[in-house]
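Treat the numbers as computed from the prediction; the structure is a model and nothing was measured. Letters A, B, ... are given to chains in the order of the sequence lines, protein chains preceding strands, and every chain is numbered from 1. As a basis for the values below, the full set of heavy atoms in this structure was taken, side chains included, without hydrogen atoms, waters or symmetry mates.
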Amino acid sequence: MADAVGEALADALERSVRTGAIAAPDGAADIVVEKPKDPSHGDVATNLALRLARHAGRPPLEIAEALREHLVLGEIIESAEVAGPGFINMRVHPAWLAAQLAPVIGAGERWGDVDLANGRSVQVEFVSANPTGPVTLGATRGAAVGDALANVLDAAGYRVEKEYYVNDAGSRMQTFFESCAWYYRTMCGIDAPPPDELYPAAERAAELLLAEHGDALRDLPIDQLGEHGVVAQLAEIRRDLEQLGVHFDSWFHEQSLFDSGAVEDMLRRLRDAGCVVERDGAVWFAATAVGLDKDEVLVRSNGMPTYFTSDLAYHLDKLEKRAFDRAVDVVGADHQGHLPRMFGALRVLGIAPSRLDIVITQLITVGGAKMKKAAGHYVTLREILDQVGADAIRFFLISRGTGSTIDFDLDLAVKAGNENPVFYVQMAHARCAGVFRQAQADGVPTGSPDLSFLGTDESPLIRLLLDLPEVVRSVAQDLEPHRLTFYAQEVAAAWHRYYHDHRIVDATAPALSTARLHLAAAVRVTLARTLRLMGLSAPERM
RNA sequence: GCCCUCGUAGCUCAGCGGAUAGAGCAGCCGCCUUCUAAGCGGUUGGUCGUAGGUUCGAUUCCUACCGAGGGCGCCA
């Protein structure tokens with residue numbers, strides 16, 4: 001809709017300039033068409049005159065008036081008026097709006113697609129929690145956000161791959177091995193002192209081993225026992241995420257970067273670039289040499305590379321070796337520390353920083369208390385999955401901007417009745433399905449609608465449906481999936497209201513019913529797509 | 001001390017430089033013989049943390065300050 005109106009405005013601008021009514025703008029005019037918050041300001045509005053005023057050296061109102069006179073009214077724009085400081089408020093013809101329903105229905109599952117990608121690919125990496133314990137609520141936020149973003153980027157035309165980066169290397173694994181082995185052997189009745197550093201989350205892996213193998217593994221060496229624990233825990237992580245409806249295309253193991261020599265290659269290139277110094281027996285990335293505030297350790301004095309080092313090799317692998325055009329990392333706020341140095345190092349390695357976007361999700365508290373996985377204070381995905389359900393969890397976790405901290409109120413989530421907007425949206429979809437069931441029962445035809453039955457009562461709802469491509473564009477551009485939840489609620493509210501005020505299926509007025517079913521079909525397509533983009537189901541009945 | 005995020009209605013939060021700042025929940029008043037009341041309508045409720053700056057126009061951008069959370073390890 002905005003595109004069609006924008007073209008008409010561009011046309012009016014050109015005509016105004018040609019007739020000398022207003023001076024030519026310098027450069028291409030950036031025509032912004034938006035929906036006014038106040039419905040009395042029309043269906044669409046533009047601030048074009050306000051923007052042109054500066055270069056034209058004339059009051060915005062005069063320019064707006066000139067533009068309005070040159071605007072062609074007719075098929076699309078029904079009326080236009082100048083208002084406020086220089087806005088042009090326009091009303092879109094209801095017949096034109098009604099005619100837009102068929103393309104929506106025709107687009108079906110692909111309604112809302114836009115092309116922002118120009119054939120580019122993007123890899124979205126998320127969750128990526130250590131395989132040392134169950135999926136926490138915090139990691140679940142990353143799962144919900146990352147999966148929704150991947151869906152939206154797909155809708156925006158990108159070739160998308162979703163990846164889980166398995167941190168199965170590094171010194172934490174040894175701690176996990178020892179903890180897992182101790183828990184397991186304790187469960188087998190072996191009395192031994194706990195390791196110096198005990199990792200409480202490792203208890204889960206021990207439980208899984210006990211359930212699967214009984215005490216058959218009790219005499220295995222710690223490392224072998226630990227490896228079994230990693231495999232079992234990773235399998236459970238995968239199961240839990242699948243139950244949430246999150247599926248990954250690829251599971252990339254950190255360890256493979258060491259096995260393939262990718263870490264060493266990366267270090268050699270940093271060294272060749274003159275960005276590596278040795279100090280205190282360790283090897284450092286000389287971040288201060290490229291203008292950053294502090295250096296970062298690449299290889300410890302004990303010879304072990306740090307997480308930072310493998311992370312650099314990992315990003316080089318995706319952006320250079322696997323050659324994704326873009327990469328999006330969804331990470332928790334506790335991971336943002338080394339980001340400036342990572343961008344700095346990637347630049348040294350020849351990777352343009354613009355190819356990598358980091359989405360930082362803020363932390364989640366439960367009942368106001370923060371969670372510390374290392375201390376054993378956390379809520380897991382599997383605990384809440386049974387109580388709350390995947391759809392409600394996902395909707396809630398993407399319904400806030402990624403920059404906001406979320407307090408997860410478990411009691412409230414379990415209640416989940418009218419507190420929970422996910423049911424409101426899904427109910428709207430179920431009602432769409434319901435009217436088609438009714439139509440079939442009453443023998444009301446659903447094809448070839450007479451669009452003249454659709455007028456100003458339907459216009460606000462149709463206008464909202466036509467916003468979906470713009471919502472997709474906005475979410476893909478800013479990587480803020482919470483806008484989907486607000487859009488979904490708006491569409492649901494408009495449909496619930498319409499449904500309440502208008503009988504859709506009426507066997508005594510078949511032509512009217514057919515026209516309204518045409519509208520219902522477009523609502524259904526729009527709600528189903530929006531739900532799917534969020535990773536939620538679109539139920540036929542509730 | 002330095003870096004990042006946040007501060008908007010009683011609560012939880014939208015608001016991608018525009019007009020009289022919005023929604024849900026909570027509160028109050030109404031609506032089921034009708035395609036799902038998991039719904040609809042009405043109503044109460046704001047010094048947009050503070051002070052400056054940029055702009056025709058600032059909740060939005062910039063600076064400083066105040067407050068909350070996070071990060072500043074040869075952990076990941």
*asked:* Just to verify, what does A:Arg431 make a salt bridge (Lys or Arg N to Asp or Glu O under 4.0 Å) with, not counting sequence neighbours?
replied: none
*Let me know the distance between CG of A:Leu48 and C1' of B:C56, rounded to the nearest Å.*
15 Å
*Who are the side chain to side chain contact (heavy atoms under 4.5 Å, CB included) partners of A:Ser537, not counting sequence neighbours?*
A:Asp391, A:Gln426, A:Pro539
*Protein-to-nucleotide contact annotation, 5' to 3' order, nucleotides 6-15 of chain B [B base; S sugar-phosphate only; - none; under 4.0 Å, heavy atom]*: S-----SSSS
*Would you please name every residue forming a side-chain hydrogen bond (donor to acceptor under 3.5 Å, both in side chains) with A:Thr514, sequence neighbours left out?*
none
*For residues A:Phe396 and A:Val422, determine if any side-chain heavy atom of one lies less than 4.5 Å from a side-chain heavy atom of the other.*
no
*asked:* I need the CG-P distance between A:Asp295 and B:C74, as an integer number of Å.
replied: 11 Å
*Tell me which residues in residues 505-517 of chain A put a heavy atom below 4.0 Å from RNA chain B, sorted by number, or none.*
A:Val505
*For the side chain of A:Gln362, starting at C-beta, report the closest nucleotide among B:U5, B:A38, B:C56.*
B:U5
_ring pair (Phe, Tyr, Trp, His ring centres under 6.0 Å) against A:Phe436, all qualifying residues, sequence neighbours excluded_ = none
*Take atom P in B:G18 and the same atom in B:C62, then report the distance between them in whole Å.*
15 Å
*asked:* Pair A:Glu197, A:Arg172 - check salt bridge (charged side-chain N to carboxylate O under 4.0 Å, His left out), show working.
replied: CA-CA 10 Å; A:Glu197 200 183 345; A:Arg172 272 207 181 172; over 6 Å; no
*Please identify each residue that fulfils ring pair (Phe, Tyr, Trp, His ring centres under 6.0 Å) with A:Phe395, with sequence neighbours left out.*
none
*Quote, to the nearest angstrom, the P distance that separates B:G70 from B:U44.*
40 Å
*asked:* Rounding to an integer number of Å, can you tell me how far A:Phe395 CZ sits from B:G24 P?
replied: 13 Å
*Stacking between A:Phe87 and the base of B:G18 (centre distance under 5.5 Å, interplanar angle under 30°)?*
no
_Once you apply a heavy-atom cut-off of 4.0 Å, does A:Asp168 come out as touching a base, just sugar-phosphate, or nothing?_
nothing
*Rounded to whole angstroms, how far apart are CH2 on A:Trp495 and C1' on B:A37?*
17 Å
*Non-neighbouring partners of A:Arg141 that pass salt bridge (Lys or Arg N to Asp or Glu O under 4.0 Å), sequence neighbours left out*: none
_Quick check against the 3.5 Å criterion: does A:Asn302 have a side-chain atom that pairs as donor or acceptor with the backbone of A:Met304?_
yes
*Could you give the distance separating B:U60 and B:G22 at their C1' atoms, to the nearest angstrom?*
15 Å
*For A:Thr508, which residues count as a side-chain hydrogen bond (donor to acceptor under 3.5 Å, both in side chains) partner, sequence neighbours excluded?*
A:Asp506
Exercise answer: donor-acceptor pairs, residues 463-471 of chain A side-chain atoms, under 3.5 Å, sequence neighbours excluded:
unit_1   : atom_1 : unit_2   : atom_2 : d
A:Arg463 : NH1    : A:Asp43  : OD1    : 2.3
A:Asp467 : OD2    : A:Lys35  : NZ     : 2.7
A:Glu470 : OE1    : A:Arg473 : NE     : 3.0
A:Glu470 : OE2    : A:Arg473 : NE     : 3.4
A:Glu470 : OE2    : A:Arg473 : NH2    : 2.7

*For A:Arg431 and B:C40, what is the distance between atoms CZ and P respectively, to the nearest whole Å?*
7 Å
*Given B:C16, B:A38, B:C40, which nucleotide is nearest the side-chain atoms of A:Met427?*
B:A38
_If the condition is ring pair (Phe, Tyr, Trp, His ring centres under 6.0 Å), which residues does A:Phe453 pass it with, not counting sequence neighbours?_
none
_Run through RNA chain B and report every stem of 3 or more consecutive Watson-Crick or G-U pairs, distances under 3.5 Å, ordered by first number._
B:1-7 with B:66-72, B:10-13 with B:22-25, B:27-31 with B:39-43, B:49-53 with B:61-65
*Answer syn or anti for B:C35, where the cut-off is 90° from 0 on the glycosidic torsion.*
anti
*asked:* If you compare every side-chain N and O of A:Tyr424 against the phosphate oxygens of B:C40 (OP1, OP2), does one of them come in below 4.0 Å?
replied: yes
